[in-house]
Structure formats: C-alpha cells, structure tokens
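Read the structure below first, then the notes.
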Amino acid sequence: MGSRISARIGAISESATLAVDAKAKALKAAGRPVIGFGAGEPDFPTPDYIVEAAVEAARDPKNHRYTPAGGLPELKQAIADKTRRDSGYEVEASQVLVTNGGKHAVYNAFATLLDPGDEVLLPAPYWTTYPETIRLAGGVPVEVLADESQNYCVTVEQLEAARTGKTKALLFCSPSNPTGAVDSPEAIGRWALEHDLWVITDEIYEHLTYGDAKATSIPVAVPELADKTVVLNGVAKTYAMTGWRVGWMIGPKDVIKAATNLQSHQTSNVCNVAQRAALAAVSGDLSAVDEMKRAFDRRRRTMVRMLNDIPGVECPEPTGAFYAYPSVKGVLGKEIHGRTPTTSSELADLILDEVEVAVVPGEAFGAPGYLRLSYALGDDDLAEGLGRIAKLLG
C-alpha cells in the first residue's frame, strides 16, 4: 500500500524560519524569557490610516462578495502607479496579479513558467521557500553559492558556470533575505538577456536600504529584459503588513493572464478587506516606512558591531532588508558549556537551550556555517539577546 501522503508534498521541507519563530513563541508563552531573532517581520503595527481603510471596507457590503480573481481593478492600477513611482518601471494594470501574500506570488510565478525538469539558477544563501516552490512546480533548483568574501552576491561567472541547456530561469532577490545584501542587477540582467533566460526578481524589500545602497529593478536596469521578467512584491515588509497577506506579481501580459487563470482555481480573489487596506498603503506616501527605516538602521549598526565583537564570528555589514548573516565557522568545533557544535544547526540549538535566544541556522538557506538574525525587534531585546550570545560564545 502506498504512502498516505503524496511524494510531491511529502518531499517539502518545513519552513525553518517559521519553525524557529513558532518554537520561540511557544517557549515564551510557557514563561521562558526567550528572545527571538527568527521572524522576518517588522515589530511595528500597521499604520493607522491603513487599518482605518480596512475597517471602512469591512462595513461596505460590496466587499462581502466575490471580486475578480486577479485583484480589484483599482488596486491593480494603484500597484502599477506605485511601481512607476518607486522604481521607474512602467507597467499597465493588466500586467499585475494580486496574490495572497508574497509566497503565493512566488509559487504562481514558478508554476506558470516551469515545465518538469526546467532548471532555475538559485543564488545561495536563499530564502527557504524558493527551492521548495521550484520543486513543487516540477523545476530543479540549481544552487550557486556566494559567501561572505563576495558580500553574498553571485557573479556572472558563477552563473555562467552553472548554466546548462536545461536552464530556464534565474531567481534574483535584492535586497536579500537572508543576507541583507544589495546587488547591482545590470551585469546579471545583461547576461540573462544574452542567454534568453527568464528572471524572477523578488523586490519585497525594495524600500529597506541603508546608507548609499539603492535597490534597482532589473527591467529598469535592462529594459530589453522586461518581456522575460516577473517582478514579485507585496505590502508585508514596507508597511508592516505581514499578516494581511497581500502580494503581487508583475510580468508580461500572457504570463499574468495564465497565472490569473491558475489563481482562479486555487483561491479566487484575495480577501477584499485586505485588498482595500493594501490600496490605502500603496496609494499613500512612504513616511511610515521612512520612520521604520530609521529604527532598523540603528538596530542594524548595533547588531553588526556586537556580532563582530564576538570571537570567531564574522558579520559583513548588510545594506538592505532587516537581517544580519554572520559566519560562525570560527566558533564551530569549540567546546561550549560541555557541548561541541560542529554545524551551525547544532550551534543554533545550543544557543536556544543555553541562553534562550532563537536564531535560524544557515542550513535553512543553503549555506551551512552561518546564522540569520533579524533586527526587526525592539532595541532592548536586541541588545539583551546579543549580549547573551556574546557571553555564551565569548
């Protein structure tokens, strides 16, 4: 008798970031003084004007009914307008599909573009969901590792070495989750154009850059690539709306039409109340994100300094998103409180057990030997948590 679970679904790995966050929250609920660096979400509330738009929407009977599967027409137009305003990329509303969060956009993109056996070049360290969604769509993720010596940014030479006759697409994420690196896309875009590859570019952290760093959209850097580019984005990180579940994909009209058809059978429309909240968000200015950025920047600098003060830890300065991604290779193999961790996964377990601080090991991101720490938490908790780690490892 066969397995009760299909091989396709049984092969999916649990989201490591959500698992770490759930474990930290469970311990905290049990009264343990756990500090969690695992979750990739702002610790700020959604801005009031967005919440008020949702309250009004909930009272309006027109939002109690089905709406077009691809998104409210006015929200699709607002996303097109916002894309032109924020990145300089000119698109039409018919090139937009509103999805149930950014993850849904990722899945829809790969499901729409990939046939069984198609290879996708996946720069590592990568967000945990990318390889799983590629496999679910029948594709094959081909990891291309960039370490701290190159600031976690892959080179064209590395991508070319990994390209085969089966390569169909490249996943590009800048600013990056998990490393916080901000990459310049022009050379990579030119290379993709030369080899007739699709590019799926995740721009969910577009507004979270620091210092002189600037996020540039690939189809803006290489306009000729627009017909083979899918842009993924959403309101989650920019407007502290992770729980509202509104994302989108932007692409050529034939791709968006096909993805909309897929979504019409998957989920139908995204929750109308959440869409109305997203409409208020993308139509408004960026003052809310500017306020959050100031706090993130302050925490970023504190985290990098405190991590680099720990013997055996090397942390490049992230210039985007809200993550630090230190190498802990210099710590591995050393005895700590009677235990000798040999992998970053074992070290993360030890840190949680010994000092009740939750971090995500590099194994989750295709790069063992590292830890990911989010600095989207309060200043006091950040300093306390890093202080505990420093005391344990120092």
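- K82 contributes no side-chain N or O that, together with a main-chain N or O of S283, makes up a donor-acceptor pair within less than 3.5 Å.
- Taking the side chain as every heavy atom from C-beta outward, V270 and R245 never approach each other to under 4.5 Å.
- In terms of modelled atom types and a separation under 3.5 Å, the side chain of R300 and the main chain of F322 share no donor-acceptor contact.
- Taken together through direct or relayed side-chain contacts under 4.5 Å among Ile, Leu, Val, Met, Phe, Trp and Tyr, V142 and L114 form parts of separate hydrophobic clusters.
- Taking the side chain as every heavy atom from C-beta outward, T216 and S184 never approach each other to under 4.5 Å.
- Put simply, the side chain of L75 reaches to within 4.5 Å of the side chain of V282, judged on heavy atoms.
- For the atom pair T46 OG1 and W244 CH2, the distance stands at 5.5 Å (nearest 0.5 Å).
- Without hydrogens or angle criteria, Y239 side chain to A281 main chain gives a donor-acceptor distance under 3.5 Å.
- By the 4.5 Å heavy-atom criterion applied to side chains, P131 and V120 are not counted as neighbours.
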- Message: Apply side-chain contact (heavy atoms from CB on, under 4.5 Å) to residues Y107 and T99 and explain how you reach the verdict.
- Response: CA-CA 10 Å; Y107 176 79; T99 61; over 6 Å; no
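- For the side chain to side chain contact (heavy atoms under 4.5 Å, CB included) with H265, the qualifying choice from T267, N261, L262 is N261, the only one to do so.
- Minimum interatomic distance between A162 and V144 (heavy atoms only, all atoms of both residues): CB-CG2, 3.8 Å.
- Other residues, nucleotides and ligands contribute at most 12 non-hydrogen atoms within 6.0 Å of the CD1 atom of I5.
- A distance-only check finds a donor-acceptor pair linking the side chain of Q95 to the backbone of G251 [under 3.5 Å].
- Partners of A240 under the side chain to side chain contact (heavy atoms under 4.5 Å, CB included) rule, at least two apart in sequence or in another chain, are P42, F44, M292.
- Contact check for M241 versus V246: no side-chain heavy atoms found under the 4.5 Å cut-off.
- At least one donor-acceptor pair closer than 3.5 Å links the side chain of N272 to the backbone N or O of R65.
- Partner of R276 under the salt bridge (charged side-chain N to carboxylate O under 4.0 Å, His left out) criterion, out of E56, E52, E74: E74 alone.
- Heavy atoms from other residues, nucleotides or ligands lying under 6.0 Å from CG of D48 number 12 at most.
- In this structure, a donor-acceptor pair under 3.5 Å is present between the side chains of E203 and S217.
- Cluster membership for Y323 and L373, using ILVMFWY side-chain heavy atoms within less than 4.5 angstrom, is shared.
- The number of heavy atoms from other shown groups lying within 6.0 Å of CG (D380) does not exceed 12.
- With rounding to the nearest 0.5 angstrom, the CD1 atom of I200 is 7.5 Å from the CG atom of L170.
- Side chain of K237 to backbone of G40: a donor-acceptor contact under 3.5 angstrom is found.
- Note that OG1 of T260 and CG of N108 are 8.5 Å apart. Values are rounded to the nearest 0.5 Å.
- The hydrophobic clustering, which links ILVMFWY residues whose side-chain heavy atoms are closer than 4.5 Å, places L72 and W248 together.
- Ion pairing between R301 and D297 holds under the 4.0 Å rule for side-chain N and carboxylate O.
- Side-chain atoms of E363 come within 3.5 Å of backbone N or O of S345 as a donor-acceptor pair.
- The two residues N151 and P316 have their closest heavy-atom pair at OD1-CB, 3.8 Å.
- Considering every non-hydrogen atom in both T229 and P252, the closest pair reads O-CD, 3.4 Å.
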- Item | Test side-chain contact (heavy atoms from CB on, under 4.5 Å) applied to V140 and K166, step by step | CA-CA 9 Å; V140 179; K166 295 182 179 179; over 6 Å; no
- Item | side-chain contact (heavy atoms from CB on, under 4.5 Å) assessment of D86 paired with H207 | CA-CA 9 Å; D86 293 352; H207 290 298; 3.0 Å; yes
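- The pair D349-R339 does not meet the salt-bridge criterion, since no charged nitrogen lies less than 4.0 angstrom from a carboxylate oxygen.
- Between E92 and K253 there is a salt bridge, since a side-chain N of the basic residue sits under 4.0 Å from a carboxylate O of the acidic one.
- Centroid-to-centroid, the aromatic rings of F365 and Y370 stay 6.0 Å apart or farther.
- Shown are Y126, W127, Y130; of these, the side-chain hydrogen bond (donor to acceptor under 3.5 Å, both in side chains) with D202 is made only by Y130.
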- Please step through side-chain contact (heavy atoms from CB on, under 4.5 Å) for the pair I351 and L371, ending with a clear verdict. CA-CA 11 Å; I351 291 171; L371 300 176; 4.0 Å; yes
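- Counting heavy atoms from C-beta on, the side chains of I310 and L386 never come closer than 4.5 Å.
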- Query: side chain to side chain donor-acceptor pair (under 3.5 Å) between Q150 and T155: does it pass, once the steps are laid out?
  - Reply: CA-CA 9 Å; Q150 56 199 93; T155 64; 5.1 Å; no
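- The environment of K257 atom NZ is sparse: at most 12 non-hydrogen atoms of other residues, nucleotides or ligands sit within 6.0 angstrom.
- Shown here is K23, whose NZ atom has no more than 12 heavy atoms of other residues, nucleotides or ligands within 6.0 Å.
- Between the CG atom in L159 and the OG1 atom in T167 there is a gap of 9.5 Å [rounded to 0.5 Å].
- A distance-only check finds a donor-acceptor pair linking the side chain of Y152 to the backbone of Y325 [under 3.5 Å].
- Using a 4.5 Å cut-off on side-chain heavy atoms (C-beta onward), L352 and L27 make contact.
- The line from NZ of K293 to CG of L286 is 9.0 Å long, rounded to the nearest 0.5 Å.
- Taken together through direct or relayed side-chain contacts under 4.5 Å among Ile, Leu, Val, Met, Phe, Trp and Tyr, Y375 and V360 form parts of separate hydrophobic clusters.
- Residues T164 and E119 come closest through the heavy atom pair OG1-OE1, 2.6 Å.
- Counting all heavy atoms, side chain and backbone alike, A69 lies closest to L97 at O-CD1, 4.4 Å.
- No hydrogens or angles considered: nothing links the side chains of E132 and T128 as a donor-acceptor pair under 3.5 Å.
- Under the side-chain hydrogen bond (donor to acceptor under 3.5 Å, both in side chains) criterion, N233 pairs with E206, sequence neighbours left out.
- The CG atom of D118 sits 11.5 Å away from the CZ atom of F110 when rounded to the nearest 0.5 Å.
- Residue E160 qualifies as enclosed at atom CD: its count of foreign heavy atoms under 6.0 Å is above 12.
- Here the closest heavy-atom approach between residue A109 and residue V230 is recorded as CB-CG1, 4.1 Å.
- One N or O on the side chain of R388 and one on the backbone of E356 form a donor-acceptor pair closer than 3.5 Å.
- Looking only at side-chain heavy atoms (C-beta outward), R190 and E186 come within less than 4.5 Å of each other.
- Using a distance-only test at 3.5 Å, with no hydrogens or angles considered, no donor-acceptor pair links the side chain of Q275 to the main chain of G71.
- Residues L382 and V357 share a hydrophobic cluster, clusters being chains of Ile/Leu/Val/Met/Phe/Trp/Tyr side chains in contact below 4.5 Å.
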